[in-house]
Amino acid sequence: MTEQQPYNVLGRYPGFELRHYPAHIVAQVTVNAGFQGAGNAGFRHLYAYISGRNSFLPPPEQPPSGTDGQAMAMTAPVLLEPSAIPGAFCVAFVLPAELTAAAAPVPEDPAVSIVSVPGQTAAAAAFSGRWSEANYQSHLQDLLAAISAEGFTPLGGPRFARFDPPFRPWFLRRNEVVQDVEGPGD
């Protein structure tokens, strides 16, 4: 079974679940592609990284490209969020929980970076269906209205979480829209 990013449920509200995500490590890449193409473009870089296109040596001592690196298990979800660069998106894999930033293999691909993400409190709304921008935006608007109605304030940008492989029928796919929040009493 695919390892999934851990979280603790802090509460359930109409339209979303309030969660705490512990600190974690991601491998990420920023791609200059539209919403529809960003997931595929970023996935190729990240899949190569977890498939062994990496090294445990620091960059100046890295072996030549093409040597065997450390393969890692695929985890879920694949995260997609708008980048600070206009028209670009950041695509990320959450790395297995036992890895730290210092212990994670160094990517051979300079486009891939390893990033430590601090613990986060977030509102998450699950939905099934196609990985379309319209579907994501519709669920995002519903989530933002629900968190506002409960007195929470969005922090930063939203994330789109894809849990299933592309060959899974669209009506069986698990997706989530996730928004970091601060809440009443924070």
Side-chain angles (χ1 to χ4, degrees), residues 1-7 19-120 122 124 126 130-133 136 156-168 170 172-180:
M1 182 166 200
T2 302
E3 179 181 340
Q4 293 193 9
Q5 180 180 18
Y7 59 84
R19 300 175 178 170
H20 178 264
Y21 291 92
H24 55 282
I25 309 301
V26 297
Q28 71 179 27
V29 62
T30 299
V31 292
N32 194 2
F35 185 91
Q36 295 299 123
N40 289 338
F43 185 88
R44 283 190 288 276
H45 291 275
L46 297 170
Y47 187 75
Y49 169 72
I50 67 166
S51 295
R53 206 166 151 226
N54 58 57
S55 169
F56 281 106
L57 302 172
E61 300 170 17
Q62 275 185 333
S65 183
T67 60
D68 291 337
Q70 175 69 42
M72 292 172 272
M74 179 75 185
T75 61
V78 175
L79 300 170
L80 175 70
E81 61 186 285
S83 168
I85 302 167
F89 288 86
C90 181
V91 183
F93 284 179
V94 177
L95 296 182
E98 70 272 6
L99 285 179
T100 64
V106 177
E108 286 183 7
D109 182 345
V112 176
S113 57
I114 306 302
V115 178
S116 295
V117 180
Q120 305 155 302
R130 299 192 190 278
W131 295 332
S132 70
E133 185 170 15
Y136 166 72
R159 299 182 291 286
F160 181 36
R162 300 177 179 185
F163 287 84
D164 297 306
F167 54 81
R168 173 130 327 140
W170 64 269
L172 295 176
R173 291 181 185 164
R174 176 181 167 205
N175 307 305
E176 293 180 348
V177 60
V178 182
Q179 174 66 61
D180 292 343

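Closest approach of Gln70 and Pro105 over heavy atoms only: CB-CG, 4.1 Å. Taking each heavy atom of Ala111 and Val29 in turn, the nearest pair found is O-CG2, 3.4 Å. For the pair Phe160 and Trp131, the tightest heavy-atom approach, listed with the atom from each and the gap, is CZ-CD1, 4.0 Å. Closest of all the heavy-atom pairs between Glu3 and Ala97 is OE2-N, 2.9 Å. Arg162 and Gly39 make their closest contact through NH1-CA, 4.0 Å (heavy atoms, listed as atom of the first residue, atom of the second, distance). The two residues Leu99 and Ala103 have their closest heavy-atom pair at CD2-O, 3.9 Å.
Distance check, rounded to the nearest 0.5 Å: CZ of Arg159 to OH of Tyr136 gives 9.5 Å. Expressed to the nearest 0.5 Å, how far OG1 of Thr30 lies from CZ of Phe89 amounts to 11.0 Å. Considering CD of Glu108 and NE2 of His45, their distance stands at 14.0 Å, rounded to 0.5 Å. To the nearest 0.5 Å, the span separating CG on Leu80 from CZ on Phe43 amounts to 13.0 Å. For the atom pair Ile25 CD1 and Glu98 CD, the distance stands at 11.5 Å (nearest 0.5 Å). Atom-to-atom distance recorded for Gln36:CD and Arg130:CZ is 10.5 Å, nearest 0.5 angstrom.
Residues passing the side chain to side chain contact (heavy atoms under 4.5 Å, CB included) test with Ala27, sequence neighbours excluded: Leu46, Tyr49, Leu95, Val112, Ile114.
Side-chain contact, Arg174 with Gln4: a donor N or O sits under 3.5 Å from an acceptor N or O.
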Please test Leu172 against Asp164 for side-chain contact (heavy atoms from CB on, under 4.5 Å), starting from the C-alpha separation and ending with a verdict. CA-CA 9 Å; Leu172 295 176; Asp164 297 306; over 6 Å; no
List the steps, then state whether side-chain contact (heavy atoms from CB on, under 4.5 Å) holds for Arg19 with Glu176. CA-CA 13 Å; Arg19 300 175 178 170; Glu176 293 180 348; 2.8 Å; yes
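Between Met74 and Ile50 there is a side-chain heavy-atom pair separated by less than 4.5 Å.
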